Amino acid sequence: MALLSSIFFAAFIVFSLSEASSHAHWSKNDTAAFSVVASEEGGGEWVLLQKSIGVSAMHMQLLKNNRVIIFDRTNMGPSNLTFPKDKEYCLNYTIHNNPELVTDCTAHSLSYDVASNTIRPLVVRSDTWCSSGAVDPSGTLIQTGGFGDGSRSIRTVPPCDDDTCDWTEQQQVNLVENRWYASSQILPDGRAVVMGGRHVFSYEFYPKADGMSSGKYHLRFLVETYDEKEENNLYPFLHLLPDGNLFLFANNRSILLDYNNNRVVKEFPVMPGGVKRNYPSTGSSVLLPLKMNGKLDGSGLPEAEVLICGGAQLGAFTSTKGKGFVAASTSCGRITVTDPDPKWVMETLPMPRVMPDMLLLPTGDVIIINGASKGTAGWENAINPVLNPVLYKTYEPNPESRFTTLNPSSIPRMYHSSAVLLPDGRVLVGGSNPHERYKFRAEFPTDLTLEAYNPPYLSPIFASLRPTIESVEPRTKTVSYGQSFGVKFQLSVHTNDSAKFSVALVTPSFTTHSFAMSQRMVVLDIVRFKHLYTRYKKPSARYDYKIVVRGPPKNTVAPPGYYMLFVIQAGIPSQATWVRVQ
Ligand SMILES: *[C@@H]1O[C@H](CO)[C@@H](O)[C@H](O)[C@H]1NC(C)=O
Ligand SMILES: *[C@@H]1O[C@H](CO)[C@@H](O)[C@H](O)[C@H]1NC(C)=O
Ligand SMILES: *[C@@H]1O[C@H](CO)[C@@H](O)[C@H](O)[C@H]1NC(C)=O
Ligand SMILES: *[C@@H]1O[C@H](CO)[C@@H](O)[C@H](O)[C@H]1NC(C)=O
Ligand SMILES: *[C@@H]1O[C@H](CO)[C@@H](O)[C@H](O)[C@H]1NC(C)=O
């Protein structure tokens, strides 16, 4: 009996939605707690994870093995990360016009293990400076371009679980053009597009279609959006839309691009306000959540909205050369790109911001993090770091109430900093190096720390509201287009209110230079919601549920690959489980 009473007592009764109704009880506490998360200024918490990872986090990519591939450039002198003696690898290069050969035996890349909070140095050979990346359908990082010997490189890192994998540089295949400050996006057929780059007005694909070795496509839009002396169109914002076309934003203009036929389908209105949004007047951009259970366009696909925030005025970059630091922009523009007659709706940030990182949180809200309030991107080009993240409440109907200023970090994250969403709902933040080399005595020193920002939904006061995912059916965790699948989870509250739940798929982004490439969230259709059974275990009961959701309708809505699946209840997300969409 002792044994019996110590194990879960489960009532193996399956309630349907209506049968469960008489058992439902939401405590006042839960409701009160939720209103705190929704309204509190100054929420969230910063945690220093690592005092030094030895490398400044210019680029970051989370892979499905819960490792984050972090790297800087490779040819600016030694980093602070050494290899184990038996794994040492030295690069030989010259710096700028100095003919002296430097032998550099430090690491410029690493794999960060999220669960154990440990790092492992990796070997990257060609120069990754200001490069781009995407994750292919098998979960492998496809990393493209850079500078010098790396400007046409294609490098890969697979997601292995045994901590043996490292960079592979493609030997036979290269990019057709130099791609320095280019953007990438994963496509419905599993290829990556690489768009633009410094003095390069074209795009290309990896891998190339059969027999196409010279495939590059000139795009006049990239020429037209290039500002003399300032550029303001590098790292263009690129989002794959549900209809399969690409949304492309550069400087202050945007187009819908049919990349298969190299045809501009439509041009959106110029974003008003006289603000430049792309490097070096760097703002950021997100494709807001694609809601299958929200508004659909005429063809049954989800409506798509883009949000772009921050940036700088024309002339701001030029003025940094004389140490004049102009206030950054406070404006954001939001546009429903699937509307027949789309218009920018302008909104105002709580503070000016250049070089913000914008990440989708599992709740569908956007966190705006890192950056400065004066100057532009580029070495030594900004002052006045903005230490407070800002939460943008995507679904708040009143535009005046959409922004909340959150708790500040103590570490300035200026040029060459980055941030990515982790599967446990935290935001991993690192980098900042507004200098040509590693420089630790400066107003804004090269930063080698790694921090986590825990958004307000991770507060312990919401623990009782947080779903815990138990399993995904089928057990292969493979989600097929248009097919329903089940997600079982537990909660410590009893509810029958399916409207409080959502299930979202989120891609891990390739983040660099304030742009989270391929970032995407698809909010799935809920087909069924069931309370399965109750486990009466002292001191608190656990309630088991199953949600059946429909997989994304097609590969233009969710390109094939690995996604973080979150169950969200009343604004509180579970930890994610990885699923493969194919
Ligand atoms: C859920 O339970 C509450 C309280 O028992 C009841 O008022 C409500 O109608 C139920 N909702 C559904 C959708 O069954
Ligand atoms: C209600 O919430 C407060 C924190 O907001 C917590 O201290 C308290 O234990 C909760 N009460 C119950 C019954 O869960
Ligand atoms: C990096 O290494 C240099 C040289 O050894 C040292 O002076 C500096 O303090 C280190 N910086 C950090 C942040 O660890
Ligand atoms: C760099 O130079 C060292 C010393 O001359 C040599 O041992 C090493 O093989 C070189 N590394 C590369 C990648 O060429
Ligand atoms: C957009 O940018 C172009 C090129 O810099 C500039 O001529 C034009 O005035 C800008 N338009 C607006 C509305 O800001």
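Both counts, for ligands and for their atoms, begin at 1 and track the order of listing. Numbering of residues begins at 1 and proceeds along the displayed sequence. Since the structure is predicted, the reported quantities are computational estimates derived from the model, not experimental observations.
Between the CD1 atom of I69 and the CE atom of M60 there is a distance of 12.0 Å, given to the nearest 0.5 Å. Taking CG of L406 as the reference point, atom CD of E45 lies at 12.5 Å (rounded to 0.5 Å). The OH atom of Y235 sits 10.0 Å away from the OG1 atom of T282 when rounded to the nearest 0.5 Å.
Of the listed residues (N252, N251, D227), the one carrying the non-hydrogen atom nearest atom 2 (O) of ligand 5 is N252.
Interface of G274 with ligand 5, defined as ligand atoms under 4.0 Å from a residue heavy atom, comprises 14 (O). Of all the atoms in ligand 4, the ones that sit under 4.0 Å from a non-hydrogen atom of C90 are 11 (N), 12 (C), 13 (C). In summary, the atoms of ligand 5 found under 4.0 Å from a heavy atom of V270, numbered by their order in the structure, are 11 (N), 12 (C), 13 (C). Of all the atoms in ligand 3, the ones that sit under 4.0 Å from a non-hydrogen atom of L448 are 12 (C), 13 (C).
Within a 4.0 Å radius of atom 5 (O) of ligand 5, the protein contributes one or more non-hydrogen atoms. For atom 9 (O) of ligand 3, the nearest protein heavy atom lies 4.0 Å away or farther. The presence of a protein heavy atom under 4.0 Å from atom 14 (O) of ligand 3 is confirmed.
Side chain to side chain, S109 and W167 meet the donor-acceptor criterion of an N or O pair below 3.5 Å. Side-chain contact annotation: H435 with Y415, donor-acceptor N/O pair under 3.5 Å absent. Counted by atom type alone, N92 and T103 present one or more donor-acceptor pairs between their side chains at under 3.5 Å.
Nearest protein heavy-atom neighbour of atom 11 (N) of ligand 4: N92 ND2, 2.9 Å. Considering only non-hydrogen protein atoms, atom 7 (O) of ligand 3 sits nearest to F440 CD1, 4.8 Å. The protein atom (non-hydrogen) at minimum distance from atom 1 (C) of ligand 3 is N80 ND2, 1.3 Å.
Between Y217 and F205, a ring centre-to-centre spacing shorter than 6.0 Å is recorded.
Salt bridge status for K343 with D341: present, with a side-chain N to carboxylate O gap under 4.0 Å. Taking the charged nitrogens against the carboxylate oxygens, E169 and R125 have no contact shorter than 4.0 Å, which rules out a salt bridge.
For the pair L91 and ligand 4, the shortest N or O to N or O distance does not fall below 3.5 Å.
With a heavy-atom cut-off of 4.0 Å, K276 touches ligand 5 through its side chain alone.
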